[in-house]
Amino acid sequence: TSPHPMMTTFDAPNREICTVKRESTNTPLQSLVLMNDPQFVEAGKVLAQRMQIEGGDSISEQLKFGFKAVTSRSPKQGEVAILEDLYDDQFQRFSQKPNEAAKLLEVGDFILANDMNDIKTAALTMVSNAMLNHDEAYMKR
């Protein structure tokens, strides 16, 4: 009857009683789960692959595609600039330490397509995780 540990972080009720409406909270612990839980890291990896395959040729187009897939709206120009800066930082980081990129991409059961560049995919995975951690991605308003 107890929910998955991650769900307790998101205030999921136990299944012993009926709950008409769940509490809506937003805590730092929830952000920690969204950024580090293996399920969300794997979700970021899957989104990173989708962004490369379906998002277009440029990083800007790919980031816009990913943002819209996560939030159901087009990003503002300032949001795209922030995501591009994050991507550039992560790409530089993983370029200097490719073994970290390989470790990141090993998380989860999802197997990436063979033609994916590990450095680019790892950088986009980190950006995807940030998008999944965006308030609009997980809060219903």
Side-chain angles (χ1 to χ4, degrees), residues 1-15 17-141:
T1 60
S2 64
H4 185 278
M6 180 198 61
M7 295 306 294
T8 58
T9 305
F10 288 90
D11 301 317
N14 63 27
R15 296 185 286 185
I17 57 173
C18 177
T19 303
V20 177
K21 185 176 178 187
R22 286 177 53 181
E23 280 186 55
S24 179
T25 61
N26 191 355
T27 67
L29 188 55
Q30 291 171 347
S31 293
L32 187 63
V33 168
L34 288 170
M35 292 298 286
N36 296 304
D37 187 278
Q39 292 172 332
F40 286 98
V41 174
E42 184 173 18
K45 181 172 72 170
V46 173
L47 180 58
Q49 178 173 295
R50 276 194 67 202
M51 288 164 52
Q52 292 177 78
I53 293 172
E54 302 172 40
D57 295 329
S58 73
I59 289 298
S60 180
E61 290 173 350
Q62 292 171 3
L63 294 173
K64 288 176 186 176
F65 172 86
F67 190 90
K68 190 164 188 170
V70 168
T71 64
S72 299
R73 72 167 175 86
S74 296
K76 299 172 185 156
Q77 192 57 36
E79 292 169 326
V80 174
I82 290 168
L83 294 172
E84 287 175 344
D85 287 345
L86 177 59
Y87 171 79
D88 291 340
D89 290 344
Q90 294 302 311
F91 188 85
Q92 184 179 28
R93 171 187 163 207
F94 288 123
S95 293
Q96 294 171 353
K97 298 180 181 178
N99 58 332
E100 286 185 15
K103 280 184 184 178
L104 176 64
L105 297 178
E106 288 175 3
V107 173
D109 295 328
F110 183 77
I111 299 172
L112 290 167
N114 290 335
D115 59 343
M116 293 287 121
N117 177 307
D118 284 355
I119 305 299
K120 181 177 181 180
T121 304
L124 281 173
T125 297
M126 297 304 291
V127 175
S128 297
N129 280 358
M131 285 189 238
L132 291 169
N133 199 21
H134 192 285
D135 186 54
E136 291 181 47
Y138 64 90
M139 291 292 289
K140 181 179 176 183
R141 302 224 188 265

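Computed over heavy atoms, backbone and side chain alike; hydrogens, waters and symmetry mates excluded. Along the sequence shown, residues are numbered consecutively beginning with 1.
Atom OG1 of residue T121 and atom CG of residue L47 lie 11.5 Å apart, to the nearest 0.5 angstrom. One finds the CG atom of L86 at 7.5 Å from the CE atom of M126 (value rounded to the nearest 0.5 Å). D118 CG to E106 CD: the interatomic distance, rounded to the nearest 0.5 Å, is 9.5 Å. Atom-to-atom distance recorded for S128:OG and Q62:CD is 10.0 Å, nearest 0.5 angstrom. With rounding to the nearest 0.5 Å, the separation of CG in L132 from CG in D37 is 11.5 Å. The distance from the NE2 atom of H134 to the CG atom of L83 is 8.5 Å, given to the nearest 0.5 Å.
Contact record, G44 with N129: CA-OD1, 3.4 Å, taken as the closest heavy-atom pair. Taking all atoms of both residues into account, the shortest heavy-atom contact from K68 to S74 is NZ-OG, 3.7 Å. Contact between N117 and K120 at its shortest, heavy atoms only, is OD1-N, 3.0 Å. Annotation for A123 and Y87: closest pair CB-CE1, 3.6 Å, computed over non-hydrogen atoms.
Between L104 and F94, some side-chain heavy-atom pair lies under the 4.5 Å cut-off. Put simply, the side chain of V41 does not reach to within 4.5 Å of the side chain of K45, judged on heavy atoms. Contact of the L105 side chain with the M116 side chain is not registered, since no non-hydrogen atoms from C-beta on lie closer than 4.5 Å. At a threshold of 4.5 Å between non-hydrogen side-chain atoms, the residues M131 and L63 count as touching. Counting only heavy atoms from C-beta outward, the side chains of F67 and R73 approach each other to under 4.5 Å. Side-chain contact between V80 and S60 is present, with heavy atoms from C-beta onward closer than 4.5 Å. Between Q90 and T125 the shortest side-chain heavy-atom distance does not fall below 4.5 Å.
With a 6.0 Å radius and a threshold of 12 heavy atoms from other residues, nucleotides or ligands, N99 has its CG atom above the threshold.
Remark: side-chain polar atoms of E54 are not paired, donor with acceptor, to backbone N or O of R50 under 3.5 angstrom. The backbone N or O of D109 sits less than 3.5 Å from a side-chain atom of E42, completing a donor-acceptor pair.
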